[in-house]
Each structure stands twice: as structure tokens, then as C-alpha cells.
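Note that the numbering runs from 1 along the sequence shown for the chain. Scope of the values below: all heavy atoms of this structure, side chains included, with no hydrogens, waters or symmetry mates.
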Amino acid sequence: MNLKFTHKPDYFMFAQLFIRYLEDHIEKHPAVSDEVTFNLLKIYDLFGKDFASSSTNLEGILNIADEYKVDTLDGDQKIIQAYDIEGKYNNLILKLNPAAVHSLREGKAIIEPDANIHE
């Protein structure tokens with residue numbers, strides 16, 4: 001028997017990895033302001049070719065990732081406003097908060113969600 005899902009996922013670790021990847025992507029691509037699309041194969045590679053985390057568990061990971069915030073002129077705001085996993089085209093589409101993206105470019109620190117009180 002061959003099992004592709006053989007471990008308990010660490011959703012917070014993968015969410016942190018994804019947010020750091022997004023932060024790096026925003027810094028390297030100045031045109032990114034309110035939407036970005038990633039191919040799911042890129043996410044698969046980012047997660048160390050962990051099939052479960054890049055498919056079945058991706059929704060749970062993104063639920064945590066969209067709780068990450070950054071300090072803006074209007075207070076702490078979420079970086080990711082919405083996301084859509086487009087299975088037909090193997091894409092992950094993120095709607096970003098332009099004020100949060102601007103703050104990231106200014107070097108503001110990311111505020112992580114508290115893992116102890118997360119639902």
C-alpha cells in the first residue's frame with residue numbers, strides 16, 4: 001500500500017513559510033499591489049513537495065495565512081483579503097490589501113497570529 005498522506009500537517013509552519021514567500025514576492029515584484037496568482041506547482045515546490053499540504057490541507061493553511069497582518073497608517077491590517085483556489089487551472093489567486101502591501105514595501109514587520117487562540 002502506498003500512502004501519500006503519512007504525517008500530521010503543521011499548518012502554522014506552512015502558513016509562515018507561505019507568508020514569507022509572499023513577502024519576498026511582493027518585494028521582488030513592484031507591480032504587485034492588490035492581486036497575485038501563483039501556480040499550485042509553485043506552492044507544491046515551496047512546501048517541499050508535500051502533496052497533502054499543497055492540496056488537501058491548503059485551505060486550512062490559507063485560513064491561517066490570511067490572519068497575518070502588518071501595521072499600516074490605519075492600524076493593523078490583514079495582508080490577504082481573500083483567496084481562491086482555482087483547481088481547473090491549478091492556480092491560487094490572492095486578493096491583497098494594497099495598504100498592507102505598501103507597508104511591507106516600507107519595511108514594516110509582519111504580525112503573526114497567536115497560535116494559542118486560533119480557531
Side-chain angles (χ1 to χ4, degrees):
M1 176 174 14
N2 184 4
L3 296 176
K4 289 187 179 184
F5 307 98
T6 59
H7 69 287
K8 181 179 177 187
D10 188 346
Y11 288 90
F12 279 90
M13 181 193 72
F14 284 114
Q16 177 78 9
L17 182 63
F18 180 75
I19 287 295
R20 295 303 172 188
Y21 174 76
L22 178 61
E23 178 184 31
D24 187 55
H25 183 82
I26 289 170
E27 289 175 9
K28 289 181 179 177
H29 299 89
V32 172
S33 64
D34 63 349
E35 186 173 295
V36 65
T37 301
F38 296 111
N39 186 288
L40 289 177
L41 288 176
K42 185 66 176 172
I43 304 303
Y44 177 69
D45 289 338
L46 175 67
F47 291 164
K49 300 193 183 308
D50 183 327
F51 185 73
S53 295
S54 60
S55 59
T56 306
N57 298 331
L58 185 57
E59 180 96 21
I61 292 165
L62 292 172
N63 280 332
I64 296 169
D66 73 3
E67 293 297 320
Y68 281 74
K69 299 177 181 180
V70 67
D71 183 34
T72 68
L73 292 175
D74 297 320
D76 296 346
Q77 293 192 20
K78 291 182 178 185
I79 301 166
I80 300 171
Q81 290 181 321
Y83 60 86
D84 183 32
I85 301 169
E86 216 177 40
K88 182 176 180 181
Y89 301 107
N90 288 326
N91 287 325
L92 170 61
I93 302 168
L94 302 175
K95 305 280 186 207
L96 304 175
N97 180 333
V101 169
H102 180 73
S103 289
L104 281 175
R105 287 203 175 103
E106 289 182 336
K108 302 279 179 144
I110 291 176
I111 302 164
E112 302 169 358
D114 185 351
N116 294 320
I117 60 171
H118 194 52
E119 297 177 11

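- Between Phe38 and the choices Asn91, Leu46, Leu94, the side-chain contact (heavy atoms from CB on, under 4.5 Å) rule is met once, by Leu94.
- Crowding of Lys78 atom NZ: a count of heavy atoms from other residues, nucleotides or ligands under 6.0 Å exceeding 12.
- In this structure, Asp84 contributes its side chain and Glu86 its backbone to no donor-acceptor pair below 3.5 Å.
- A distance of 8.0 Å separates OH in Tyr83 from CG in Leu58, rounded to the nearest 0.5 Å.
- The two atoms that bring Tyr44 and Ser54 nearest to each other are CD1-OG, 3.2 Å, heavy atoms only.
- Taking every heavy atom of both residues into account, Ile26 and Arg105 meet most closely at O-NH2, 3.3 Å.
- Between the NE2 atom in His25 and the CD1 atom in Ile19 there is a gap of 12.5 Å [rounded to 0.5 Å].
- The two residues Ala65 and Ala15 come nearest to each other via the heavy atoms N-CB, 3.9 Å.
- One distance of note links NZ of Lys108 with CD1 of Ile79; it measures 13.0 Å at 0.5 Å rounding.
- Of the possible polar contacts, none joining the Thr72 side chain to the Ala100 backbone as a donor-acceptor pair under 3.5 Å is found.
- Here the side chains of Leu104 and Glu27 are not in contact, with every heavy-atom distance at 4.5 Å or above.
- The two residues Pro113 and Phe12 come nearest to each other via the heavy atoms CG-CE2, 4.4 Å.
- The side-chain heavy atoms of Asn90 and Leu41, taken from C-beta on, include no pair separated by under 4.5 Å.
- Interatomic distance, Asp45 CG to Tyr21 OH, rounded to the nearest 0.5 Å: 9.0 Å.
- The main-chain N or O of Phe51 is found under 3.5 Å from a side-chain atom of Ser55 such that the two form a donor-acceptor pair.
- For the salt bridge (charged side-chain N to carboxylate O under 4.0 Å, His left out) condition, the pairs that include at least one residue of residues 30-39, sequence neighbours left out, are Glu35-Lys95.
- For the pair Leu17/Phe47, a side-chain contact is recorded, criterion being any heavy-atom separation below 4.5 Å from C-beta on.
- The heavy-atom pair separating Phe14 from Ser53 by the smallest distance is CE1-OG, 3.1 Å.
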Take Tyr11 and Asn57 through the side chain to side chain contact (heavy atoms under 4.5 Å, CB included) test and state the conclusion after the steps.
-> CA-CA 8 Å; Tyr11 288 90; Asn57 298 331; 3.2 Å; yes
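- Here the CG-CD distance, from Leu62 to Glu67, works out to 12.0 Å after rounding to the nearest 0.5 Å.
- The distance from atom CD1 of Ile61 to atom CG of Asp50, rounded to the nearest 0.5 Å, is 7.5 Å.
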Steps toward side chain to side chain contact (heavy atoms under 4.5 Å, CB included) verdict (Tyr89, Thr37) = CA-CA 11 Å; Tyr89 301 107; Thr37 301; over 6 Å; no
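- At least one side-chain heavy atom of Phe18 sits less than 4.5 Å from a side-chain heavy atom of Leu92.
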